[in-house]
Amino acid sequence: MFHKAIILSLGIFALTGCDAQKKSKTATKASQVQTNSKAMNSNDQKDGIVYLSEGENKFLKEYQMNVTFKGVSEDSRCPEGVNCIWAGVALAQVEVMGTSTRPTILNLASMDFPGRNYHQSAEFNGYTITLQDVAPYPKQQEGTTALAGKYKIGITIKKADQSKDSTTK
């Protein structure tokens with residue numbers, strides 16, 4: 001009986017500590033979300049990053065490429081205000097098509113994790129396309145289901161490294 005009382009009191013102590021930690025994290029992450037959403041509101045390129053809303057299509061003249069953000073197929077990022085074992089990943093589907101190529105869908109992840117086949121960058125038509133940002137961040141109350149159709153991404157496009165063996169020569 002004494003062991004149960006000790007375990008129960010330790011559990012309550014841990015939960016009250018989590019609540020205090022949750023309040024401080026929520027305040028700091030709220031300010032981060034506001035700055036991220038301000039950066040994501042512009043549809044133009046900033047610092048070489050191309051921003052796209054879900055379903056948006058852009059023709060990038062300097063790369064002779066059409067880019068469409070199809071949507072986010074997976075979002076396992078840890079919601080705000082929650083302590084998680086793994087940070088999680090968002091997987092964005094980006095359709096790219098060159099002026100003389102067929103459309104290709106690239107699955108770009110918010111972080112590299114080769115063990116689960118998550119890659120932040122992919123090569124297409126001599127360019128490396130990298131996912132830089134996915135917004136908004138999931139919240140504890142709504143989760144990711146409330147974000148459907150509201151996602152925005154930022155990608156960078158750079159000339160691919162030609163020293164590697166590639167299929168395009």
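It should be emphasised that the depicted structure is a prediction, and the values quoted were computed from it without experimental measurement. Both backbone and side-chain heavy atoms feed into the values below; hydrogens, waters and symmetry mates do not.
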Transitive ILVMFWY cluster of L91 at side-chain heavy atoms under 4.5 Å: who else is in it? W86, V89, M111, F113, Y118

Donor-acceptor contact present, side-chain Q120 to main-chain L131, <3.5 Å: yes

K58 versus V50: any side-chain heavy-atom pair under 4.5 Å? yes

Using every non-hydrogen atom in the two residues, find where P103 and M97 come nearest and quote the distance to one decimal. CD-SD, 3.7 Å

Side chain to side chain, N66 and V96, heavy atoms closer than 4.5 Å: no

Measure the shortest side-chain to side-chain distance between D133 and K152 over non-hydrogen atoms and say whether it is less than 4.5 angstrom. no

Under the rule for ring-ring contact (aromatic ring centres under 6.0 Å, His included), what residues qualify as partners of F124, not counting sequence neighbours? none

Which salt bridge (charged side-chain N to carboxylate O under 4.0 Å, His left out) pairs, counting each pair once, include a residue from residues 92-107, with sequence neighbours left out? K70-E95

Check whether the side chains of Y151 and D75 place a donor and an acceptor atom closer than 3.5 Å, and report yes or no. yes

May I ask you to test the F69-Q93 pair for a side-chain heavy-atom distance under 4.5 Å? no

Can you find a pair of side-chain heavy atoms, one from I129 and one from L108, that are under 4.5 Å apart? yes

Check whether Y127 forms a cation-pi arrangement with K158 (NZ or CZ under 6.0 Å from the six-membered ring centre, at most 45° off the ring normal). no

In this structure, which one of T128, L106, T156, D112 forms a side-chain contact (heavy atoms from CB on, under 4.5 Å) with S121? T128

Close side-chain approach of V94 and I105, heavy atoms under 4.5 Å: no

Might you point out which heavy atoms bring Y63 and I157 nearest each other, and give the distance in Å? OH-O, 3.2 Å

Measuring from atom CD1 of I85 to atom SG of C78, what distance do you get when rounded to the nearest 0.5 angstrom? 10.0 Å

Check: R77 side chain, S110 main-chain N or O, donor-acceptor pair, under 3.5 Å: no

Is the shortest side-chain heavy-atom distance between N57 and V67 below 4.5 Å? no

With rounding to the nearest 0.5 Å, note down the distance linking CE in M65 to CG in N125. 6.0 Å

